[in-house]
Amino acid sequence: MPLIVSNWKMNGLGADGVALASAVAAKVKADPAKSREVAVCPPFTLLERVGAAIAGSGVGLGGQDCAPKASGAFTGDVSAPMLKDAGCFWVILGHSERRAGHKETDAQVRAKLEAAEAAGLATIACVGETLAEREAGKALEVVAGQLQGSLPDKRPGRWVVAYEPVWAIGTGKTATADDIKAMHAHIRSCLGRRHGGLAGLSVLYGGSVKGDNAREILGVPGVDGALVGGASLKAEEFWAICTARS
Ligand code: PGA
């Protein structure tokens, strides 16, 4: 069953956000097949309102980041127990926009993943190479290094890794089916070796997933779902992605 996660990023004010979440929730609720798992990750300010809008629909709620500490003097930060308290099931961590824009290191991402798991959140850990790294033939090596540095040693019960080539995010470019297949197999092999198994793992693809390419991407062997940014801001297009493989 594919897992389709929307990442609204820094988009959404109250009325529009609630309308978007309500529309997605209504589609999920009305869908007799129930052959997909759907999550929405709005900005922190909308968590409670989106949570209320999706209540009872089966859509999961997620945050887009959390602090590595549970509480304390960290102005502006939001902790994993706070996300849990706000109704989150999921949290996205290590997104390339945070790695690049906020200089998050693998060690910081790992501390956040540990904090989220300790708080009982299901984590979505993002990895992916830049265009320069891919062109230098280093994509597999870079992603292996991010997995090694960012993921905690202990394997959680529910476990999601999102492969998001940085050059494909928000650009309209997507990796080829062969490259996605090879990277997802590589991710599984790295994780299987280190964690002694892959139980509970889903590997998502992210980066310019849209209504018109979702079927092909979600059909690539080893792709268990998608992490969707821009195209998740329109209910119809997001739902087209959700239903692309079924
Ligand atoms: P995009 O973003 O779908 O807009 O490319 C994906 C992501 O950053 O998770």
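As the structure is a prediction and not an experimental result, all values here were calculated from the model. When a ligand or atom number is given, it counts from 1 through the structure's own listing order.
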Parallel, tilted or perpendicular: rings of Trp159 and His195 (30°, 60°) |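 Plane angle over 60°, so perpendicular.
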Report yes or no: does a heavy atom of Ala231 sit under 4.0 Å from some atom of ligand 1?
->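 Contact check Ala231 vs ligand 1: negative.
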Out of curiosity, is Gly206 lining ligand 1, as in a heavy atom under 4.0 Å away?
->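 Heavy atoms of Gly206 never come under 4.0 Å of ligand 1.
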If you count the atoms of ligand 1 from 1 in the order shown, which ones are under 4.0 Å from a heavy atom of [X]?
X	result
Glu164	6 (C), 7 (C), 8 (O), 9 (O)
Asn7	9 (O)
Gly170	1 (P), 4 (O), 5 (O)
Gly230	1 (P), 3 (O), 4 (O)

Which residue and non-hydrogen atom of the protein lie closest to atom 2 (O) of ligand 1, and at what distance in Å?
->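 Looking only at protein heavy atoms, the one closest to atom 2 (O) of ligand 1 is Lys9 NZ, 3.2 Å.
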Nitrogen or oxygen atoms of His95 and ligand 1 under 3.5 Å apart =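 For ligand 1, there is an N or O atom that lies under 3.5 Å from one belonging to His95.
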Gly229 to ligand 1: N or O pair under 3.5 Å?
->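 Between Gly229 and ligand 1, an N or O pair is found under 3.5 Å apart.
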Are [X] and [Y] close enough for a salt bridge, meaning some N to O gap below 4.0 Å?
X	Y	value
Glu236	Lys210	no
Glu104	Lys112	yes
Lys69	Asp77	no
Asp224	Arg188	yes
Glu97	Lys9	yes
Lys138	Glu133	no

Of the backbone atoms (N, CA, C, O) and the side-chain heavy atoms from C-beta on, which set of Ile169 has a member under 4.0 Å from an atom of ligand 1: side chain, backbone, both, or neither?
->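 Looking at Ile169 and ligand 1, atoms from backbone and side chain both fall under 4.0 Å.
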